[in-house]
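Below is one structure, written out as structure tokens; the observations come after it.
Note that ligands are numbered from 1 as they come in the structure, with each ligand's atoms numbered from 1 the same way.
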Amino acid sequence: MHGVRRDRARRARLREGARLSVDYVCARSLEEALNALALDGTPAHVLAGGTDLMVELRTGRTKPARVVDVWKLAELRGVREEAGGLRLGALTTCAELARDPCVAKAASALVAVARDVGAEQIQARATLGGNLGTASPAGDLCVVLVALGARVRLRSLRGVRELDAEAFLCGYRSTLRERDELIESILIPARPAGERQLWRKLGTRRAQSISKVALAVCMAFDGGRVSAVRAAAGAVGPRILRLAKLEQELMGARVDAALARGAGAASARLDVAPIDDVRSTGDYRRHALARMLATAIRELSEGPVCRS
Ligand SMILES: Cc1cc2nc3c(=O)[nH]c(=O)nc-3n(C[C@H](O)[C@H](O)[C@H](O)COP(=O)(O)OP(=O)(O)OC[C@H]3O[C@@H](n4cnc5c(N)ncnc54)[C@H](O)[C@@H]3O)c2cc1C
């Protein structure tokens, strides 16, 4: 009974907030959600935590004919270890990421980034699937997912497919998700032995700010040399960018301060394409990224670090 009242209240808020007539479907099962997304070709939007979508609806930037609320779907929740790595339900919130021991063990950068998203109220609602769905070039969770080589599992009535997060986030606020697909879960592949992970965010203030530059680097060492490296940056291009030049400079190398500075500078010159906008200038972003990378690489070569 209470559930029904909560659904009605949520639907009313959604209509009032958006000031438009939306066909609201509160899905009770995965099948119901998939059917609603596939129904009659009508443009539908998935509603998870609503921290991005509600803003879009209120400002009128997004005008879907149908909203499919998946918040109650147990099938999209949970964190579990499996043969290939760590499987995270699309509805895993930042608060859950920040306190889950399996996440801390496999992907400490995810714990660190989750603590840097918005404030506690946002962290209680903001989901991994929602961050991927929005595909903002400044999507903090996406930066870490790309650095970790995460795989995105999409489900529709037609079946299931899995894509690399890097490929899935194909452009400015754009993804390879088809209209009838739901982001079901995310796989964090098993990590190289002894890997160290680092997350850094540069914003106007320490908390509650959209990134000017966001950075995630994962590195492993063998006999003092870099044996594995993946790095990604946000807010320095139209989408989350993999730092290919940086990876190339570091792979197999013995890290010292000069190499860290040189690789950071080369990456900031060649790997990214920052623009001037209300938050920063492209020049500042490039300069900041070079400095952040030099420090990050040095710190990673010295021992395990992670927090922002
Ligand atoms: C005050 C405030 C502060 C914020 N701070 C940060 C920050 O520091 N860093 C940051 O990265 N973001 C921040 N955000 C943005 C937002 O919180 C995140 O992007 C969040 O992860 C979105 O998740 P959600 O569940 O709320 O998504 P929703 O708003 O529910 O959905 C977002 C988009 O993803 C789609 N979607 C959601 N789930 C699925 C799914 N399972 N399958 C298919 N499509 C789906 C929706 O249709 C929609 O297009 C902030 C937002 C606010 C309001």
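- A cation-pi geometry, defined here as NZ or CZ lying under 6.0 Å from the six-membered ring centre and within 45° of its normal, holds between R125 and W71.
- Remark: ligand 1 and G49 share an N or O pair separated by less than 3.5 Å (distance only, no angle test).
- Electrostatic pairing of E120 and R115 does not count as a salt bridge here, judged by no charged N lying under 4.0 Å from a carboxylate O.
- For the pair K63 and E56, the salt-bridge criterion is not met [side-chain N within less than 4.0 Å of a carboxylate O].
- Nearest non-hydrogen protein atom to atom 9 (N) of ligand 1 is D140 OD2, 2.9 Å.
- Residue contacts with ligand 1: L47 is placed with no nitrogen or oxygen under 3.5 Å of a nitrogen or oxygen of the ligand (distance criterion only).
- Listed for the R285 side chain is a donor-acceptor partner under 3.5 Å among the backbone atoms of I275.
- Although no hydrogens or angles enter the test, the distance criterion places a donor-acceptor pair under 3.5 Å between the side chain of D40 and the main chain of T42.
- No more than 12 heavy atoms of other residues, nucleotides or ligands shown are found within 6.0 angstrom of CD1 on I210.
- Counted within 6.0 Å of CZ on R77, heavy atoms from surrounding residues, nucleotides or ligands total more than 12; the atom is thus considered enclosed.
- A salt bridge is absent between E178 and R158; no separation between the charged side-chain nitrogens and carboxylate oxygens falls under 4.0 Å.
- Looking at G139 next to ligand 1, no N or O pair under 3.5 Å apart turns up.
- For a threshold of 3.5 Å applied to N or O pairs, the pair formed by E181 and ligand 1 contains no separation below that value.
- Taking atom 52 (C) of ligand 1 as the reference point, the nearest protein heavy-atom neighbour is I122 CD1, 3.7 Å.
- Going from atom CG of L293 over to atom CZ of R298 covers 12.0 Å, rounded to the nearest 0.5 Å.
- When non-hydrogen atoms are compared, ligand 1 lies under 4.0 Å from neither the backbone nor the side chain of L91.
- Annotation: atom 23 (O) of ligand 1 to nearest protein heavy atom, T127 N, 3.2 Å.
- No hydrogens or angles considered: nothing links the side chains of S156 and E181 as a donor-acceptor pair under 3.5 Å.
- For ligand 1, the atoms closer than 4.0 angstrom to any heavy atom of A48 are 25 (O), 30 (O), 37 (C), 38 (N).
- The nearest protein atom to atom 47 (O) of ligand 1, hydrogens excluded, is given as V46 O, 2.6 Å; this is a heavy-atom distance.
- In this structure, V55 is not a member of the same hydrophobic cluster as L53, with clusters built from ILVMFWY side-chain heavy atoms closer than 4.5 Å.
- Within ligand 1, counting atoms from 1 as listed, the ones closer than 4.0 Å to a heavy atom of D116 are 8 (O).
- Considering both main-chain and side-chain atoms, L182 never comes within under 3.5 Å of ligand 1 through any nitrogen or oxygen pair.
- Protein heavy atom closest to atom 28 (P) of ligand 1, with residue, atom name and distance, is G50 N, 3.5 Å.
- Heavy-atom proximity to atom 19 (O) of ligand 1, evaluated over L132, I183, V117, D52, is greatest for D52.
- The distance from ligand 1 to the heavy atoms of R125 drops below 4.0 Å at these ligand atoms: 25 (O).
- A donor atom on one side chain and an acceptor atom on the other are found under 3.5 Å apart for E195 and Q197.
- Considering each of T134, V67, L141, L128, the one bringing a non-hydrogen atom nearest atom 32 (C) of ligand 1 is T134.
- Looking at K201 against ligand 1, only its side chain comes within 4.0 Å, counting heavy atoms.
- Protein heavy atom in closest approach to atom 4 (C) of ligand 1: G118 CA, 4.0 Å.
- No N or O atom of V55 sits closer than 3.5 Å to an N or O atom of ligand 1.
- Residue, atom and distance of the protein heavy atom nearest to atom 27 (O) of ligand 1 are G130 CA, 3.3 Å.
- The CZ atom of F168 sits 3.5 Å away from atom OG1 of T175, with the distance rounded to the nearest 0.5 Å.
- The part of Q208 lying near ligand 1 is the side chain, judged by heavy-atom distances below 4.0 Å.
- In this structure a side-chain-to-backbone donor-acceptor pair under 3.5 Å is present from N35 to E31.
- Scanning the protein for heavy atoms near atom 17 (O) of ligand 1, the closest one is T51 OG1, 2.7 Å.
- Counting the atoms of ligand 1 from 1 in the order shown, those under 4.0 Å from a heavy atom of N131 are 10 (C), 11 (O), 12 (N), 18 (C), 19 (O), 20 (C), 21 (O), 22 (C), 23 (O).
- Taking every heavy atom of G133 and a limit of under 4.0 angstrom, the matching atoms of ligand 1 come to 33 (C), 34 (O), 35 (C).
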